[in-house]
Student: 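Got a structure for you, questions after.
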Amino acid sequence: MPELPEVEVSRLGIAPALEGNLIERVIVRQPMLRWPVAAEVIALQQQPVQAVRRRAKYLLIDVPQGSIIVHLGMSGHLKIVPSSTPPLKHDHVDWVLADGRSLRLNDSRRFGAVLWQDPLQSHVLLTALGPEPLTDDFDGALLFERCQSRSSAIKLVLMDNHVVVGVGNIYANEALFKARIRPTTPARQLSLAQCTVLAAVVKQTLAAAITQGGTTLKDFSDASGKAGYFKQELLVYGRGGQPCLHCHTPLDEIRLGQRSTVFCPQCQPTP
DNA sequence: ATATCCACCTGGCGGC
DNA sequence: TGCCGCCAGGTGGATA
């Protein structure tokens, strides 16, 4: 999926078209995503959009009756298109706007979701989430504290939504390389100083990726259909076996929690 | 609580 | 050209 930067790039792209606009109706071509598209969303008519927010990798589109929750899964992307545009394969949901355009969700793997949140409530999927990485709620001290009870590899802990949200496989690999920490290091073995560096590079990496329009591996694009440029700045992800950009040692690639994990055996030493 | 593994689904790639 | 296995940006849920 889109990780946090790609979701934020989507939010930035769709918000200007949605906010202050009216959702006239919703067209569902394929209701079976990760869960069935929520009935409350399908029934929406003539609803003004008040705001488009993001929490972790969830987008929240606020209307007077509540909030539409959109998750992009692994392959989802959102576009703003003229409503007359013929739907393509995997264009599962359209939100038809009053100005002749539509918000269109395409998701080939259907790991994404379209859910509903009642006003003044938090959907159950959003209640147990950890802090947002790009706010002051997340810092080295918090990361260090949450690592104390964890013997798992730091990469798995960094990707655990209870610890911090939004860090997926690409950016976990990138941040650990920048922090010079081996992904397999048991989390509780990290020092406060290492956690402070790690939290800082997580913020820096995510923020830079947002600026670059996100990372497009194959099917991510922003609301206008443009691919992201951050792929050019990836230091280790997808580069297993190739030389480290710092020391030229071939990068190691292993599996951690069934996810591809790349690191430099020289620059990211075992503790 | 924590840790591990599986599931969902489509598509692209390499190998034979 | 075709078939097969493997891999891919996520994460809830079942199981020890």
Side-chain angles (χ1 to χ4, degrees), chain A residues 1-11 29-37 54-59 69-78 88-93 105-115 123-130 133 145-176 184-188 202 205-206 209-210 212-222 227-241 253-262:
Chain A
M1 143 186 190
E3 300 185 35
L4 184 147
E6 292 73 42
V7 178
E8 182 64 11
V9 167
S10 296
R11 189 188 72 79
R29 302 184 189 83
Q30 167 57 273
M32 292 311 296
L33 304 182
R34 179 167 190 179
W35 295 282
V37 174
R54 179 187 58 73
R55 172 71 174 113
K57 297 173 190 169
Y58 297 93
L59 287 168
I69 298 176
V70 178
H71 194 286
L72 299 177
M74 288 278 257
S75 55
H77 48 276
L78 291 164
L88 301 171
K89 197 172 184 183
H90 307 305
D91 278 344
H92 302 316
V93 182
L105 171 67
N106 181 290
D107 183 8
S108 60
R109 293 179 72 180
R110 284 192 273 135
F111 288 177
V114 176
L115 303 170
H123 191 282
V124 61
L125 291 178
L126 306 186
T127 53
L129 295 173
E145 187 264 312
R146 300 218 173 176
C147 280
Q148 294 316 296
S149 63
R150 306 290 298 268
S151 55
S152 314
I154 181 58
K155 177 166 179 263
L156 298 178
V157 173
L158 201 54
M159 293 175 68
D160 180 344
N161 279 340
H162 303 282
V163 176
V164 60
V165 300
V167 184
N169 198 37
I170 295 178
Y171 300 111
N173 277 297
E174 294 299 305
L176 287 162
T184 50
T185 309
R188 59 159 55 112
V202 164
T205 306
L206 296 177
I210 293 169
Q212 297 294 307
T215 299
T216 297
L217 293 182
K218 55 184 286 198
D219 48 18
F220 175 74
S221 59
D222 71 10
Y229 293 112
F230 197 74
K231 187 175 184 205
Q232 301 167 8
E233 299 187 23
L234 297 179
L235 302 174
V236 288
Y237 183 86
R239 297 196 62 247
E253 180 154 9
I254 62 171
R255 309 288 299 178
L256 212 46
Q258 292 119 243
R259 311 302 294 276
S260 163
T261 302
V262 187

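So you know, we letter chains A, B, ... as the sequences are listed, proteins then strands, and number each from 1.
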Student: Once rounded to the nearest 0.5 Å, what's the spacing between atom CG of A/Asp91 and atom CG of A/Leu88?
Tutor: 5.0 Å

Student: Within the structure shown, what part of the strands sits under 4.0 Å from A/Tyr171 by heavy-atom distance: base, sugar-phosphate, or nothing?
Tutor: nothing

Student: A/Met32 CE to B/dC8 P: how many Å, rounded?
Tutor: 12 Å

Student: Is the ring of A/Phe111 stacked on the base of B/dC8, with centres less than 5.5 Å apart and planes under 30° off?
Tutor: yes

Student: Taking only residues two or more places apart in sequence or in another chain, which ones pass ring pair (Phe, Tyr, Trp, His ring centres under 6.0 Å) with A/His77?
Tutor: none

Student: How many angstroms lie between NE2 in A/His71 and NZ in A/Lys57, if you round to the nearest 0.5 Å?
Tutor: 6.5 Å

Student: Check the distance between B/dC9's C1' and A/His92's NE2 and give it to me in whole angstrom.
Tutor: 9 Å

Student: Using distance only, find each side-chain donor-acceptor pair of residues 153-163 of chain A under 3.5 Å and give its atom names and separation, not counting sequence neighbours.
Tutor:
unit_1   : atom_1 : unit_2   : atom_2 : d
A/Lys155 : NZ     : A/Asn169 : OD1    : 2.7
A/Lys155 : NZ     : A/Thr261 : OG1    : 2.9
A/Asp160 : OD1    : A/His162 : N      : 2.8
A/Asp160 : OD2    : A/Arg150 : NH1    : 2.9
A/Asp160 : OD2    : A/Arg150 : NH2    : 3.4
A/His162 : ND1    : A/Ala128 : O      : 3.3

Student: Measuring from atom NE2 of A/His92 to atom CG of A/Leu33, what distance do you get when rounded to the nearest 0.5 angstrom?
Tutor: 6.0 Å

Student: Starting at atom CG of A/Asp107, determine the distance to atom P of C/dA8, rounded to an integer number of angstrom.
Tutor: 18 Å

Student: Can you find a heavy atom in the side chain of A/Arg54 that is under 4.5 Å from one in the side chain of A/Leu4?
Tutor: yes

Student: Tell me: CG of A/Leu256 to P of C/dG10, nearest whole Å?
Tutor: 14 Å

Student: Could you give the distance from CG (A/Asn106) to OG (A/Ser108), rounded to the nearest 0.5 Å?
Tutor: 6.5 Å

Student: Please test A/Ser75 against A/Asp107 for side-chain hydrogen bond (donor to acceptor under 3.5 Å, both in side chains), starting from the C-alpha separation and ending with a verdict.
Tutor: CA-CA 5 Å; A/Ser75 55; A/Asp107 183 8; 2.6 Å; yes

Student: Between protein and nucleic acid, restricted to nucleotides 12-16 of chain C and to nitrogen or oxygen atoms under 3.5 Å apart, what atom pairs and distances do you find?
Tutor:
unit_1 : atom_1 : unit_2  : atom_2 : d
C/dG12 : OP1    : A/Tyr58 : OH     : 3.1
C/dG12 : O4'    : A/Arg34 : NH2    : 2.7

Student: Between the protein and nucleotides 10-14 of chain B, which nitrogen or oxygen pairs are less than 3.5 angstrom apart?
Tutor:
unit_1 : atom_1 : unit_2   : atom_2 : d
B/dT10 : OP1    : A/Arg110 : NH2    : 2.7
B/dT10 : O4'    : A/Ser108 : O      : 3.3
B/dT10 : O3'    : A/His90  : NE2    : 3.1
B/dG11 : OP1    : A/Lys89  : NZ     : 3.1
B/dG11 : OP1    : A/His90  : NE2    : 2.7

Student: Stems in DNA chain C: runs of 3 or more consecutive Watson-Crick or G-U pairs, distances under 3.5 Å?
Tutor: B:2-8 with C:10-16, B:10-16 with C:2-8

Student: Using atom CE of A/Met159 as one end and atom P of C/dA8 as the other, report the distance to the nearest whole Å.
Tutor: 11 Å

Student: By the 4.0 Å heavy-atom rule, please label A/Arg255 as base, sugar-phosphate, or nothing.
Tutor: sugar-phosphate

Student: Measure CZ/A/Arg259 against P/C/dA8 and give the value in whole Å, please.
Tutor: 8 Å

Student: Nearest 0.5 Å, what's the CD-NZ distance between A/Gln212 and A/Lys231?
Tutor: 14.5 Å

Student: Using whole Å, what does the distance between atom P of nucleotide B/dA7 and atom CE of A/Met74 come to?
Tutor: 16 Å

Student: In whole Å, I'd like the distance from the CD1 atom of A/Ile170 to the P atom of C/dT11.
Tutor: 13 Å

Student: How far, in whole Å, is C/dC7 from B/dC5 if one measures between their P atoms?
Tutor: 15 Å

Student: Pull out every protein N or O sitting under 3.5 Å from an N or O of nucleotides 3-5 of chain B, one pair per line with the distance.
Tutor:
unit_1 : atom_1 : unit_2   : atom_2 : d
B/dA3  : OP1    : A/Ser151 : N      : 3.0
B/dA3  : OP1    : A/Ser151 : OG     : 2.8
B/dA3  : OP1    : A/Ser152 : N      : 3.2
B/dA3  : OP1    : A/Ser152 : OG     : 3.1
B/dA3  : OP2    : A/Arg150 : NE     : 2.6
B/dA3  : OP2    : A/Arg150 : NH2    : 3.2
B/dA3  : OP2    : A/Ser152 : OG     : 2.8
B/dA3  : O5'    : A/Ser152 : OG     : 3.4

Student: Within this structure, what is the CZ-OG1 distance for the pair A/Phe230 and A/Thr216, rounded to the nearest 0.5 Å?
Tutor: 12.0 Å

Student: Do the side-chain N and O atoms of A/Thr215 and A/Tyr171 include a donor-acceptor pair separated by under 3.5 angstrom?
Tutor: yes

Student: Do A/Leu115 and A/Trp35 make a side-chain contact, defined as non-hydrogen atoms from C-beta onward lying under 4.5 Å apart?
Tutor: yes

Student: In the structure I gave you, are the side-chain heavy atoms of A/Leu234 and A/Arg239 within less than 4.5 Å of one another anywhere?
Tutor: no

Student: Carefully, step by step, assess A/Val114 and A/Ile69 under the rule side-chain contact (heavy atoms from CB on, under 4.5 Å).
Tutor: CA-CA 6 Å; A/Val114 176; A/Ile69 298 176; over 6 Å; no

